[in-house]
Amino acid sequence: MEKTYQPESIEARWYQRWEADNRFAPSGSGAPFSMMIPPPNITGSLHMGHAFQDTIMDTLTRYKRMQGNNTLWQIGTDHAGIATQMLVERKLAAEEGKTRHDLGRDAFMDKVWEWKEESGDHITRQLRRMGASVDWSRERFTMDDGFYKAVQEVFVRLHEDNLIYRGKRLVNWDPTLHTAISDLEVENRDQQGSFWHFRYPLADGVKTDDGQDHLVVATTRPETLLGDTGVAVNPEDPRYASLVGKFIELPLVGRRIPIVADEHADMDKGSGCVKITPAHDFNDYEVGKRQNHLLINVFSQDATVLENAEIYNLKGQAQPDEDASLPAKYARLDRFEARKLIVDDMDAAGLLQEVETVNNTMPFGDRSGDIIEPLLTDQWFVAVDELARPAIKAVEDGDIEFVPKNYENMYFSWMRDLQDWCISRQLWWGHRIPAWYDENGNVYVARTEEEAREKHNIAADVALTQDDDVLDTWFSSALWTFGTLGWPEQTEELATFHPTSVLVTGFDIIFFWVARMIMMTLKFTGDVPFKTVYVHGLVRDGQGNKMSKSKGNVLDPIDLIDGISLDDLVEKRTGNMMQPQKAKAIAKATRAEFKDGIEPHGTDALRFTFLSQATTGRDIKFDMSRLDGYRNFCNKLWNASRYVLMNADGEDCGQVSPEQGGGDVILSLADRWILSALQKTAASVTRYIDDYRFDHASQALYDFVWNEYCDWYLELSKPVLWEEAEGMSSVAAAELVKRKRGTRQTLVRVLEAVLRLAHPMMPYISEEIWQRVAPLAGTLSDTQAGESDSIMAKAWPEADERLIDDSASRNIEWLKGVIVAVRNVRAEMNIAPGKQIDVLLTKGSAEDAERLEQNRPFLMKLAKLESAAWLDNPGDAPLSATQLVGDMEVLVPMAGLIDKDAELARLQKEIDKHDKQIGAVEKKLGNESFTAKAPKAVVDKERGKLAEAQSARALLEEQRQKIAAL
RNA sequence: AGGACCAUAGCUCAGUUGGUUAGAGCGCCACGUUGACAUCGUGGAGGUCGGCGGUUCAAAUCCGCCUGGUCCUACCA
């Protein structure tokens, strides 16, 4: 074995082997355990969030697989409508100078598919680097034919149930992308904006109660004035009661618009008058509905002003008889140019009363970054109320459980206040809506054109054209769990693996995806999509900032695995930026943070870091120093294994039991102790993974490996393995053989079990070492090694109660106590670590004396002693440095060794420590209500503590005086 | 405006049903290359658990208020 762990030399090899050996597919036996990957975008590359999430899923998957479950972790990718289309459009513009319209729909789609074939699997290749044991044979893509069939089926059935409808509605319109987007795709950002107060002249010579000839309305969007249909005042507002039913002469346009009473107008805000623009504002749309106003749309799909308005009634029917004229001077102007001009014109007309500067929030498209415009368009909607009810109930009833629990509140609060979901998108890339129109605009929803004709008796010579729009990507991903298992066919896989067991996802996607999956899956399968939702936090940079290209703080998981030079990292962060002016600052910050670039750490260290940071919090600040630490942990495990193999390889490790002709083994106290500790660790790790506490699971493993197995057990094995038989009686020599065999067996067996415990978290290193260790542990025959077996297929270690040995544990704790005591004296007395010293033990019980005899070889070796003796009479003790282990004193005779002042200082420090504790406990016990009211066990415990501390203090004081008297 | 979550050692985080001497890793200080490992070993320093108040015999833990931070929803005429 290499002297240090070299991950790059083993990772790719093992992943290929596992994949070639088909180890990721369900075994076909055992209780089903299934999980669907939240499908990553084909446009994306693996980011820290994916890596984190995939680590958790893979850990669960490998764990369940080892526990004997019929385990399916299904992989797939998402077509990501807008993102992919944008990407290919940009590429097309850059390479050929063409737009998608130049190509036409079919040719453009060919381009997208071409791109998908070339680049769409980038992210899945990276997923392999993470060690993800997904079943590649069942890889799915949301645009696959089979999945499209499910999407169509759902659309048609929802339509049949009147849960999908089409209508001219106000939607969030992205003027850059020319598509509607859902509420969730709108990002509300704080802005500083202007608030224009306009005078709206009253028509017909009407005056307000206080004699004004106008009302004042305020707006942040003056350009919508062109589409105003009225001014609302509050019905309770006495100031304007007399004006209700009168008219305003809309400035610049000349339209007569009514003054209406509507509760939407807030008496306390501004003048109390609100302009109403039903076609351009969501609130006004509602007012328009109540007041039976027309909808006057004044913007094109580019958000430029129309030459003539489009006027509809509330049913969306065009009103050709209405006056749609608009002032010619604003026609075709962009909305913001029109705004400027309208403000100027109002000002010139003396109608601008005031411009206020305000902080408000504005809606931005999360993809385009453009300001979203509420726009009246024909769209398809899902009526969500009926779907939401059972989805809420499923969580209330515990059919679906969120981990951590508090995310259920987030889910409920959203689910209980749902708007109908706009599912159509004016894109080309996506699932085309299965609806056809005849020449009169009648719509027919069906799975195919043929079906549409059949269902509605449409003659073959009637031309039908399919709806141009596609469905929201989230509509299809809502079907992910069952659509990918073959639904609507009742497949074997569907029966076996649905509902899935767990969904692992980020809290940011609960609304987008989780909630919608629950609704759709309940509707179409009558069952939940998953029983548990494990919600994790979002990975942020070391300062807690969201990682983003524009901030220049992105870390690529692959770079953490393979390492990257500083120059390459800077190039990666500053190359191809949207805002190149930031490049300099980013380069500087990067050079400051990563002076020497990033060293290679290997996949396992990265995975272990993610797991250790998988706490219940919402933010995960990625900590590079912990990554370093867990790489060191890999190296520790590697070297411990190297030690084990050096001592066990080629030796008799008791693989063959005595019953089957193998030699006898004698287990030392240390052997029994570590076996016992292993059982407890196995139980803890199991429990923690079951509870989704990956941080605790990784910590439990780390503690055992480093602090027990390496720090103590390997050291304790040395005296046994290195003991020479020379000069022994033949009986003792024969026994030594058995003792050595027992220790080798324990070394190897514990390591082998540890590797299995580690495997779900650190698949590569555990496999690599296991292949060498397992034959020695008897769990893998020599002939199989490296050939046909894998730790992946081995059983998860179950805690064996029979191996728990409390007496051995107490013994080793005693031994550790004595060794630490001696080391402490050494360190504080500046005794050279290598110097062999004498130690006396005294004042203890008979059991202590007995333990000294049992543990003497260990003690001598680990504490580097010249001698260790029991002193029956404490009075005979020479002047010594003293440490306490329980009641027992550990004495290091001072002769020629110990610095008097140093020892006095050390003792005083100890005494002070005890005094502090005694004070605290005495205070507690002195409180009568404590002794009266606290449970007896608690009081007794305090009394015990006091007695212990007092006797210890007395011993230390006695010792201090003895030395002080010198 | 409403709600959620967070605030523990210099840093990143644990702390289960209230009773612990409040823990881990990293960092820091001192010492150390003897045969698994300097990606290491040994010893050590470091916290009035954001603040105030309450409940209780007992609060990092439960309750209230406040401060600071993050996020969501809503409003924004």
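Lettering of chains follows the sequences in order, A, B, ..., and the numbering in each one begins at 1. These numbers were taken from a predicted model, which means no experiment stands behind them.
- Contact annotation for Lys621(A): backbone-only contact, meaning every heavy-atom pair under 4.0 Å involves sugar-phosphate atoms and none involves a base.
- When heavy atoms are screened at a 4.0 angstrom cut-off, Met646(A) is found touching the sugar-phosphate backbone but no base atom.
- In terms of polar N and O atoms assigned as donor or acceptor, the side chain of Glu715(A) comes within less than 3.5 Å of the base of A36(B) in a complementary pairing.
- At the heavy-atom level, Asn283(A) lies under 4.0 Å from the strands shown only through sugar-phosphate atoms.
- Using a 4.0 Å heavy-atom cutoff across all strands shown, Asn409(A) reaches no nucleic acid atom at all.
- For Lys864(A) against U34(B), a side-chain-to-base donor-acceptor contact under 3.5 Å is present.
- With hydrogens and angles left out, the side chain of Arg826(A) and the base of U42(B) share no donor-acceptor pair within 3.5 Å.
- Arg693(A) has a carboxylate O that lies under 4.0 Å from a charged side-chain N of Asp695(A), or vice versa, which qualifies the two as a salt bridge.
- If you check every strand for non-hydrogen atoms under 4.0 Å, Cys710(A) touches a base.
- Remark: side-chain polar atoms of Asn188(A) are not paired, donor with acceptor, to backbone N or O of Thr361(A) under 3.5 angstrom.
- When heavy atoms are screened at a 4.0 angstrom cut-off, Phe195(A) is found touching the sugar-phosphate backbone but no base atom.
- Comparing the same atom, C1', in U20(B) and in C49(B) gives a spacing of 13 Å after rounding to whole Å.
- Note on Gln613(A): only backbone sugar-phosphate atoms sit closer than 4.0 angstrom, heavy atoms only; bases stay farther off.
- Below the 3.5 angstrom threshold, one finds a donor paired with an acceptor across the side chain of Thr361(A) and the base of C76(B).
- Within 4.0 Å (heavy atoms only), Lys945(A) reaches sugar-phosphate atoms of the nucleic acid but no base atom.
- Using a 4.0 Å heavy-atom cutoff across all strands shown, Trp722(A) reaches sugar-phosphate atoms only and no base atom.
- The pair Lys289(A)-Glu286(A) meets the salt-bridge criterion, since a charged nitrogen lies less than 4.0 angstrom from a carboxylate oxygen.
- At the phosphate of C40(B), neither OP1 nor OP2 sits under 4.0 Å from any side-chain N or O atom of Asn635(A).
- OP1 or OP2 of U20(B) has not a single side-chain nitrogen or oxygen of Lys941(A) nearer than 4.0 Å.
- Taking atom P on both U56(B) and U16(B), the two are 23 Å apart, rounded to the nearest angstrom.
- Contacts of Ala934(A) with the nucleic acid, taken as non-hydrogen atoms under 4.0 Å apart, include base atoms.
- Here the side chain of Gln883(A) pairs no donor or acceptor atom with the backbone of Val890(A) at under 3.5 angstrom.
- Taking atom P on both U8(B) and U48(B), the two are 12 Å apart, rounded to the nearest angstrom.
- Dashed line: the shortest gap from a side-chain N or O of Lys636(A) to OP1 or OP2 of G41(B) is under 4.0 Å.
- Taking atom C1' in both C37(B) and G50(B), one finds a spacing of 42 Å when rounded to whole Å.
- In terms of phosphate contacts, Lys913(A) brings no side-chain nitrogen or oxygen within less than 4.0 Å of OP1 or OP2 of G44(B).
- For Arg642(A) and C37(B), the shortest distance from a side-chain N or O to OP1 or OP2 is below 4.0 Å.
- Considering only side-chain N and O atoms, Ser625(A) lies nowhere under 4.0 angstrom from the phosphate OP1 or OP2 of G27(B).
- Residue Tyr702(A) is in sugar-phosphate contact alone, with no base atom involved, counting any heavy-atom pair closer than 4.0 Å across all strands shown.
- Ring orientation note: the planes of Phe195(A) and His197(A) are nearly perpendicular, at an angle over 60° on the 30°/60° scale.
- For the pair Asp541(A) and Lys546(A), the salt-bridge criterion is not met [side-chain N within less than 4.0 Å of a carboxylate O].
- Both distances falling under 3.5 Å, in either a Watson-Crick or a G-U wobble arrangement, occur for no nucleotide opposite A45(B).
- Residue-level contact check: Asp266(A) touches the bases, meaning some heavy atom is under 4.0 Å from a base atom.
- When the C1' atom is compared between C6(B) and A38(B), the two are found 39 Å apart, to the nearest whole Å.
- Put simply, Arg693(A) has a side-chain N or O that comes within less than 4.0 Å of OP1 or OP2 on G15(B).
- As judged by a 4.0 angstrom heavy-atom cut-off over every strand, Trp196(A) is placed among residues making no nucleic acid contact.
- Between Asn632(A) and C40(B) there is a side-chain N or O to OP1 or OP2 distance below 4.0 Å.
- If you take atom C1' in G23(B) and the same atom in U61(B), they sit 15 Å apart, rounded to whole Å.
- Arg823(A) comes within contact range of the sugar-phosphate backbone alone, with a heavy-atom separation under 4.0 Å but no base atom that close.
- Between C63(B) and C71(B), the distance separating the two C1' atoms is 25 Å to the nearest Å.
- In terms of modelled atom types and a separation under 3.5 Å, the side chain of Arg540(A) and the main chain of Asp619(A) share no donor-acceptor contact.
- A salt bridge links Glu828(A) with Lys909(A): the closest approach of a Lys/Arg side-chain nitrogen to an acidic carboxylate oxygen falls below 4.0 angstrom.
- Across every strand in view, A7(B) sits in a pair with U67(B) that passes the Watson-Crick or G-U test at under 3.5 angstrom.
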